[in-house]
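Just so it is clear: chains get the letters A, B, ... in the order the sequence lines come, proteins before strands, and each one is counted from 1.
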Protein chains: 2
Amino acid sequence: MSNPVDSPGSPEDFAGADDVDAALQSVEQQLSLFWRRARSVSQQLSRQVHPDMEPAAYGLLTIIRREGPMRLTDLASCVGVGKPSVSRQIAFLESIGLIFKEADPVDGRAQSIRLTPRGEEKMHQVQDARNQVFRERLGEWPVSELQTLARYIAKLNTTYERDGFPKDESKRDHVQ
Amino acid sequence: MSNPVDSPGSPEDFAGADDVDAALQSVEQQLSLFWRRARSVSQQLSRQVHPDMEPAAYGLLTIIRREGPMRLTDLASCVGVGKPSVSRQIAFLESIGLIFKEADPVDGRAQSIRLTPRGEEKMHQVQDARNQVFRERLGEWPVSELQTLARYIAKLNTTYERDGFPKDESKRDHVQ
DNA sequence: CAACTGGGTTGCTCATGGCAACAATTCTAG
DNA sequence: CTAGAATTGTTGCCATGAGCAACCCAGTTG
């Protein structure tokens, strides 16, 4: 608040605990605000971009697309939610023909989830459209800031990765 | 396709449209990931901090605390969600005695929402606890980065503010 | 083979928030 | 002064997204 890039890495004046606290508060505040608003924004954005493309589903598709075919569990752990959610979302995406589940020939239980051609195609459309919207909102930002922002949030995400997610790794099966 | 300048060959002086696109993609990706993870994290965090302090409620309290007593509608528009949500959350917070609604003497419809002493007290506790958690996660970040992050997200938030929220300003009352 | 483990699915519930429709109040013509 | 318009907040109903538990099925291991 006091100063944009203040004393970058200058260890001469230790950042006082107060500064850290204030900064943390700011981050928390802004994140919380963002988080809350993001829901409605992301929803209306998805709707407007493509009616039958649920926001959550879109996220999954981008990952599958980026990482290639993968198993449901990996997908879940990658996105940081439980298997059930992903399972249902994937079922939906399959029902509208954007992905298909291919049985793993080696492991009969597993299935590799991959985009259908139609899924690929739709992803192109949607990504273009979304990009446009983002460009409208963030286009004026200097690229360097965008990059920095992306980096920071990525860092934030890895921070979250450290300690576990739900992702029902809890093995409470076999109870019968 | 819809890019005015899509020349991939001149990345010297201008940030090419490709760079912008890439940066936007990154931001989108990371935000979407963050958003999804944030839910579970924020939930378990709130639980752990205080069982009956719902994450959403906490956000409202911080605002009330920061801005002072305010009306429900203002609160809603400030946080960017509709009145109904806030109304319910406020009802909950009142039921557990953290806030109270005081009828506005001037305007019989309005009510000013304010923290009870117990609310103040609890906010202190919770904020301390949350700060500690945040410190564990982000404490290693240089302060300057924290500040930058906060600034960027704030910027993001103002971007969102530009075009409206639901906040049922739509005047579909009076239909009777 | 039986027991166990691990991948996915389904049932139920919860948290959150949207839209509609409302009640109560205030404001604004006429 | 009174009828209609607007505003404040509430409630009903529904959608989304996610969690936990319990399950099914396919491998794995003793």
Side-chain angles (χ1 to χ4, degrees), chain A residues 35-44 46-47 52-60 70-77 79-92 94 101 103-113 164-176, chain B residues 32 35-44 46-47 52-60 70-77 79-92 94 101-113 164-176:
Chain A
W35 183 69
R36 217 156 169 175
R37 290 181 172 178
R39 178 180 319 224
S40 79
V41 171
S42 105
Q43 242 171 43
Q44 74 189 51
S46 315
R47 292 303 150 89
D52 25 307
M53 180 71 87
E54 314 272 337
Y58 171 77
L60 292 184
M70 61 199 307
R71 291 174 312 161
L72 190 146
T73 306
D74 295 340
L75 192 51
S77 94
V79 83
V81 301
K83 285 188 293 175
S85 301
V86 178
S87 174
R88 280 182 254 260
Q89 232 118 41
I90 288 300
F92 166 72
E94 191 181 23
K101 297 186 266 191
D104 185 328
V106 199
D107 188 339
R109 302 163 297 181
Q111 59 194 21
S112 96
I113 298 163
F165 282 105
K167 62 173 181 178
D168 70 24
E169 224 64 359
S170 346
K171 284 91 161 193
R172 30 172 166 37
D173 261 297
H174 65 65
V175 211
Q176 304 256 96
Chain B
S32 130
W35 183 71
R36 221 158 165 172
R37 290 181 173 179
R39 178 183 317 228
S40 79
V41 171
S42 105
Q43 243 172 43
Q44 74 190 51
S46 314
R47 292 302 150 89
D52 27 309
M53 179 74 86
E54 314 273 338
Y58 171 77
L60 293 184
M70 61 198 307
R71 291 174 313 163
L72 190 146
T73 305
D74 295 340
L75 192 51
S77 93
V79 83
V81 300
K83 286 187 292 175
S85 302
V86 177
S87 173
R88 281 181 255 258
Q89 232 118 41
I90 289 300
F92 166 72
E94 191 181 23
K101 297 185 267 192
E102 191 178 44
D104 185 329
V106 199
D107 188 338
R109 302 163 298 182
Q111 60 195 21
S112 95
I113 297 163
F165 282 105
K167 63 172 181 181
D168 69 25
E169 224 64 359
S170 345
K171 282 89 163 190
R172 34 178 160 35
D173 263 297
H174 67 62
V175 223
Q176 316 230 112

Checklist entry - Of the candidate nucleotides C:dG8, D:dA18, D:dG12, which contains the atom at the shortest distance from the side chain of B:Pro84? => result D:dG12
Checklist entry - Once you round it to whole Å, what is the distance between P of C:dT16 and CD of B:Gln43? => result 6 Å
Checklist entry - Taking for each residue the nucleotide of DNA chain C with the nearest heavy atom, is it A:Ser85 or A:Arg109 whose nucleotide lies nearer the 5' end? => result A:Arg109
Item to check | Between P of C:dT16 and CZ of B:Arg39, the distance in whole Å | outcome: 9 Å
Checklist entry - Roughly, in whole Å, what's the span from CZ in A:Arg47 to C1' in D:dG17? => result 12 Å
Checklist entry - Which whole-number value in Å describes the distance from A:Asp104 CG to C:dG6 C1'? => result 13 Å
Checklist outcome for this item: Judged by nearest nucleotide, the residue sitting upstream toward the 5' end of DNA chain C, B:Ala56 or A:Met70, is A:Met70
Checklist outcome for this item: A:Phe92 CZ to D:dA15 C1', in whole Å, measures 13 Å
Checklist entry - How close or far is atom P of C:dA15 from atom CD of B:Glu54, stated in whole angstroms? => result 5 Å
Checklist entry - Hey, does the side chain of A:Gln89 come within less than 4.0 Å of D:dG17's phosphate (OP1/OP2), counting only N and O? => result yes
Checklist entry - When rounded to the nearest 0.5 angstrom, what distance separates OG in B:Ser112 from NZ in B:Lys101? => result 11.5 Å
Checklist outcome for this item: side chain to side chain donor-acceptor pair (under 3.5 Å) filter on A:Arg36, not counting sequence neighbours, yields B:Gln89
Item to check | From C:dA20, C:dT26, C:dG8, nucleotide with atom closest to A:Leu72 side chain | outcome: C:dG8
Checklist entry - Between A:Asp107 (CG) and C:dG6 (P), how many Å, whole number? => result 12 Å
Checklist entry - In whole Å, what is the span from the CG atom of A:Leu75 to the C1' atom of C:dT9? => result 15 Å
Checklist entry - How do A:Ala57 and B:Arg71 order along DNA chain D: which one's closest nucleotide is nearer the 5' end? => result B:Arg71
Checklist entry - Roughly how far, to the nearest 0.5 Å, is CG of B:Asp104 from CD1 of B:Ile113? => result 11.5 Å
Next on the checklist: The criterion is side chain to side chain donor-acceptor pair (under 3.5 Å); which residues satisfy it with B:Asp74, sequence neighbours excluded?
Outcome noted: B:Arg71
Next on the checklist: Under 4.0 Å from OP1 or OP2 of C:dT9: is there any side-chain N or O of A:Gln111 that close?
Outcome noted: yes
Item to check | Phosphate OP1/OP2 of C:dG7 contacted by A:Lys101 side-chain N/O (<4.0 Å) | outcome: no
Checklist entry - How is B:Arg88 classified with respect to the nucleic acid when contacts are heavy atoms under 4.0 Å: base, sugar-phosphate, or nothing? => result base
Checklist entry - What closest approach, in Å, do A:Pro55 and A:Ser46 show between heavy atoms, and which atom pair accounts for it? => result CB-OG, 3.4 Å
Checklist entry - Are any of A:Thr73's side-chain N or O atoms less than 4.0 Å away from OP1 or OP2 of C:dG6? => result no
